[in-house]
Enquirer: 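Okay, handing you the structure first.
Note that the numbering runs from 1 along the sequence shown for the chain.
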Amino acid sequence: MALLDPTYPGLHSHKYRSIHGSAGEDVWDSYVENHTPSAWRIFWHYGPGSDVITIITIGPHA
């Protein structure tokens, strides 16, 4: 199973250094939409299993 690739250019993902998942996982944000007045972001991390992505929150870009 292929998981979300945060390096895919269209996602415009960024890894956060200031926050981590509950078990210390790297947290990413990725575009849900782009070039719209109300663009949204999804904050996520890999885990807890090897084939799992955990969604932390989905919200508007500030």
Enquirer: Look at the aromatic rings of Trp44 and Trp28 and report parallel, tilted or perpendicular, splitting at 30° and 60°.
Expert: parallel
Enquirer: Using only atom types and a distance under 3.5 Å, with no angle test, would you say the side chain of Thr54 pairs donor to acceptor with the backbone of Gly47?
Expert: yes
Enquirer: Would you say Ile19 and Ile56 make side-chain contact, with heavy atoms under 4.5 Å?
Expert: no
Enquirer: Examine Val32 and Leu4 and state if one hydrophobic cluster contains both, with Ile, Leu, Val, Met, Phe, Trp and Tyr joined whenever side-chain heavy atoms are less than 4.5 Å apart.
Expert: yes
Enquirer: Determine the minimum heavy-atom distance between Arg41 and Ala39, stating which atoms define it.
Expert: NH1-CB, 4.2 Å
Enquirer: Of all the heavy-atom pairs spanning Tyr46 and Ile53, show the shortest one and how long it is.
Expert: CD2-CG1, 4.0 Å
Enquirer: Please answer whether the main-chain N or O of Ser13 pairs with a side-chain N or O of Tyr8 as donor and acceptor at a distance below 3.5 Å.
Expert: no
Enquirer: What heavy-atom pair brings His45 and Asp26 nearest, and what distance separates the two atoms?
Expert: CB-O, 3.0 Å
Enquirer: Shortest non-hydrogen contact from Asp5 to Leu11?
Expert: O-CD1, 3.3 Å
Enquirer: Can you tell me how far apart NE2 (His14) and OH (Tyr31) are? Round to the nearest 0.5 Å.
Expert: 6.0 Å
